[in-house]
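These notes concern the structure reproduced below.
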Amino acid sequence: MADRMDGLTAEEIAVFAAEAEEQLNAAEDMLLQLESDGVDRQAIERLLRAMHTLKGNAASIGWEDMARLAHAAEDAVIAVRDARLQTTASVMDVLLRSVDAMRAMAEGEQVADAAQLVDEIARTLQTADAAGEEQGGGSGEAVLHQLTEAVGAEDEILQVEVDLTDDIDMPAVRALQVLMCCESLGEILASDPTQKEVEEGRDVGGKILCYLRANSSAEDEIKREIRTNSGVARVSIQVQSAQRLLAESAEALHTGQDDDGSSDKDGKDSAGSRHIRVDVTILDRLMNLAGEMVINRNRLSNLADDLARNSFADQVEQLQQTVEQLSRVTGEVQQNIMQMRLVPLDRLFRRYPRMMRDLQQSQDKEFDFEIRGGQTEIDRSLLEVISDPLTHLLRNAVDHGIEPPEERLSRGKKRRGSVVLSASRRNNHICIEVSDDGRGIDTDAVVRRAVQKDVIDAEQAKQLNEQDIIGLMFSSGFSTTDEVTEISGRGVGLDVVRREVESVGGDISVDNDRGQGACFRLSLPLTVTSVKSLLVEIRGQTYVLPLGSVRETLVREPGQVQKAGESRVLQLRSELIRLFELADIFPSVREVDRGGPNYVVILEVDQRKIGFVVDDLIGEEECVIKPLLSPLDDIRGVSSATILPDGDVALILDASGLAKELLQDDGRVADEQSAGGR
């Protein structure tokens, strides 16, 4: 690649690579949409624009290999648009492999099989054109003629597209069965091929297009009935008005589209002019500067309070006005920079349809993959952190969640399973869920495996509830299977998933419905640059607790604390809550005498409450997060640090990780003492 770009600057290459990535992502999205939903004119237009842009940009910088491959792919898409080429699995495979090759080129890799892909696309087009000539061509015109004769402009009809599997035996027989099934479900207005053509021996080509006059409310029933036929790979149904369908068909057959596919009727793509590309290092520097402004704002506010106490009235008034102005400006700067850092989760989620499509082809399983809430925004620095955990959870859902079709049918389930990746914003967190309607988690198998691997003993196993059992799956290297597949197994590596999620202040929980499915839920902060916090004092030292984990605070009254074995519990209304001294976790500050009443901070972790005893509650404040460097980053229960208004440094506690560790330690101590008593 280097010799083709000798005349380009590093900045020009970076601009080309960024543009190529954007176009390749769009192309992959549209290819997957075409494969799952059938030929859609808008998807074809977007795909053509992406390929044409890639071809032009690559040619302009002398990158001939990419230009030739993009040009070949563009020819194939035009053939699909003109109905000369069907969107079969083999056609989509070669186009998706072409996208992969161009992506590798854009990332600076040498791609040896680019020329082979160009030849493979050319052979595919030649085969399709030859088949079209043998069939006499004009199948699209025939369908248009049938529809013109059969329907009125105000009719509503169902457009049914059926793909047969590539390795099907007796395709003509299977096609005839599908057409007869459609005939039993409604009135066939037009089809390609027709029943007569199939009976006369026409090669059906693996795809059946049928227009039905039927009740649109029966769409699910029609899909279900067609899928009962052997050899059916995919069924797509769209409700169409006859007027619109005839107009679009006529336009596609008689007017076509400009070669560059540059029309943009809805104007959506033109919105790109409202966006600019910003180097992430610049954003990081701006965010750091905004953080310093917040720190100085807090210090000025603290100074104003000191002056007020010493009765410098005039100076105080001026200082307070300055602080108010600085607070307003600082808040706006920080908010805008944080918005610049936010990106839609679609940037990450768009990777997964291709992965799930490939998994479905490699596994003896059938399922629909759905993405919801992709427009939910998250801090860009979190995208790469959660990429691997989500990949792992999705692979697990397919490998050990979704059952093979025959097993699902035997259990009274639909033949096709469902995997859903969803995202939503809840209060000050982003919630991402990976759910499936498969087997769920076999908690009995988890317990047996935990005992075999000496994670727990048989006596401990008897005391576990379901959430405790699911928690065992997050033990290091835990797996319920002896064989590790290339896809991965449910449980394998979940300790890594949890560690990576918790490293950014997030949390993971699991809902399990045995035999019906499971849902893994990630709760993530909106940003990793600042956090709304509760400042507490322990033995004269200030510590910071993220406010998102705090449920309430209270003064500890005499008689509220009780003993339960070796543990202490707090009676709070109708609940008993485990109680811990934060001073015991940080013994280095014990020499300072405690004065005044104790306070209790109640945290909620994994739907379980825990109480921490502190000496004083200082107040709430937005704290700028500063990372800890080695060896301080290994301090137990500490996630990061912040600078206080008086200039001192305070540690930000990892409330979630600390609570889980304390509950586990407390449980182990109780078990050991119980065993000693026996």
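Values below: every heavy atom of this structure, side chains too, minus hydrogens, waters and symmetry copies.
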Kindly determine whether Leu393 and Leu494 satisfy side chain to side chain contact (heavy atoms under 4.5 Å, CB included), including the steps that lead there. CA-CA 8 Å; Leu393 294 177; Leu494 284 178; 3.8 Å; yes
Original post:
Under the side chain to side chain contact (heavy atoms under 4.5 Å, CB included) criterion, do Val160 and Val162 qualify, and how do the steps go?
Top reply: CA-CA 7 Å; Val160 182; Val162 180; 4.0 Å; yes
Go through Val398 and Met356 one step at a time and tell me if the side chain to side chain contact (heavy atoms under 4.5 Å, CB included) criterion holds.
CA-CA 8 Å; Val398 175; Met356 299 297 277; 3.5 Å; yes
Checklist line | Full working for side chain to side chain contact (heavy atoms under 4.5 Å, CB included) between Arg521 and Asp511 | finding: CA-CA 8 Å; Arg521 184 177 298 106; Asp511 290 337; 2.6 Å; yes
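A salt bridge is absent between Glu107 and Arg103: the closest approach of a Lys/Arg side-chain nitrogen to an acidic carboxylate oxygen does not fall below 4.0 angstrom. Remark: Glu370 engages Arg372 in a salt bridge, criterion side-chain N to carboxylate O under 4.0 Å. Salt-bridge formation is detected for the pair Asp100/Arg354: a Lys NZ or Arg NE/NH1/NH2 atom is positioned less than 4.0 Å from an Asp or Glu carboxylate oxygen. Salt-bridge annotation for Arg97 and Glu120: present, with a side-chain N of the basic residue lying under 4.0 Å from a carboxylate O of the acidic one. Between Asp442 and Arg439, no side-chain nitrogen of the basic residue sits less than 4.0 Å from a carboxylate oxygen of the acidic one, so the salt-bridge criterion is not met.
The closest side-chain donor-acceptor pair between Gln452 and Arg449 falls under 3.5 angstrom. For the 3.5 Å distance criterion, the side chains of His392 and Asn396 qualify, holding a donor opposite an acceptor. Checking Asp437 against Gln516 by side-chain atom types alone, no donor-acceptor pair falls below 3.5 Å. A donor and an acceptor atom, one from each side chain of Glu35 and Gln33, are nowhere located under 3.5 Å apart. Counted by atom type alone, Asn25 and Arg351 present zero donor-acceptor pairs between their side chains at under 3.5 Å.
In this structure, Arg81 and Leu48 have side chains that are in contact, with non-hydrogen atoms separated by less than 4.5 Å. Inter-residue side-chain proximity for Leu345 and Leu383 is flagged as met; some heavy-atom pair is nearer than 4.5 Å. Between Thr165 and Val232, the closest side-chain pair of non-hydrogen atoms is not below 4.5 Å. The shortest distance between side-chain heavy atoms of Glu161 and Arg234 falls below 4.5 Å. At least one side-chain heavy atom of Ile371 sits under 4.5 Å from a side-chain heavy atom of Pro353. In this structure the side chain of Arg347 never reaches within 4.5 angstrom of the side chain of Ile378, judged on heavy atoms. Proximity of Leu125 to Leu85: side-chain heavy atoms (C-beta onward) are separated by under 4.5 Å at one or more points. Annotation: side chain of Ile237 is in contact with side chain of Val235 (closest heavy-atom distance under 4.5 Å).
Considering CG of Asn512 and CD1 of Ile469, their distance stands at 10.0 Å, rounded to 0.5 Å. Here the CG-CE distance, from Leu54 to Met105, works out to 11.0 Å after rounding to the nearest 0.5 Å. Remark: Glu45 CD to Met30 CE distance equals 11.5 Å, nearest 0.5 Å. Atom CG of residue Leu382 and atom CD1 of residue Ile430 lie 9.0 Å apart, to the nearest 0.5 angstrom. Note that CG of Asp364 is 10.5 Å distant from CD of Glu407, once rounded to the nearest 0.5 Å. Distance check, rounded to the nearest 0.5 Å: CD of Gln23 to NZ of Lys55 gives 13.5 Å.
The two residues Pro389 and Val497 make their nearest non-hydrogen contact at CB-CG1, 3.8 Å. Nearest heavy-atom pair, Leu117 versus Ser98, reported as atom, atom and distance to 0.1 Å: CD1-CA, 4.0 Å. For the pair Ala106 and Ala17, the tightest heavy-atom approach, listed with the atom from each and the gap, is O-CB, 3.9 Å. Minimum heavy-atom separation, Lys413 to Gly438: NZ-O, 2.8 Å. Closest of all the heavy-atom pairs between Leu32 and Leu96 is CD2-CD1, 4.3 Å. Contact detail for Leu179 and Ile188: the closest heavy-atom pair is O-CD1, 3.5 Å.
The neighbour count for Met180 CE, taken as heavy atoms of other residues, nucleotides or ligands under 6.0 Å away, does not exceed 12. Crowding of Arg425 atom CZ: a count of heavy atoms from other residues, nucleotides or ligands under 6.0 Å not exceeding 12.
Within the 3.5 Å criterion, the main-chain N or O of Ser191 finds no donor-acceptor partner in the side chain of Thr194. Not a single donor-acceptor pair under 3.5 Å links the side chain of Asp358 to the backbone N or O of Met355. Lys365 places no side-chain N or O within donor-acceptor distance of the main-chain N or O of Gly417, the cut-off being under 3.5 Å.
The only option from Arg416, Arg408, Gln360 that meets the side-chain contact (heavy atoms from CB on, under 4.5 Å) definition with Phe367 turns out to be Gln360.
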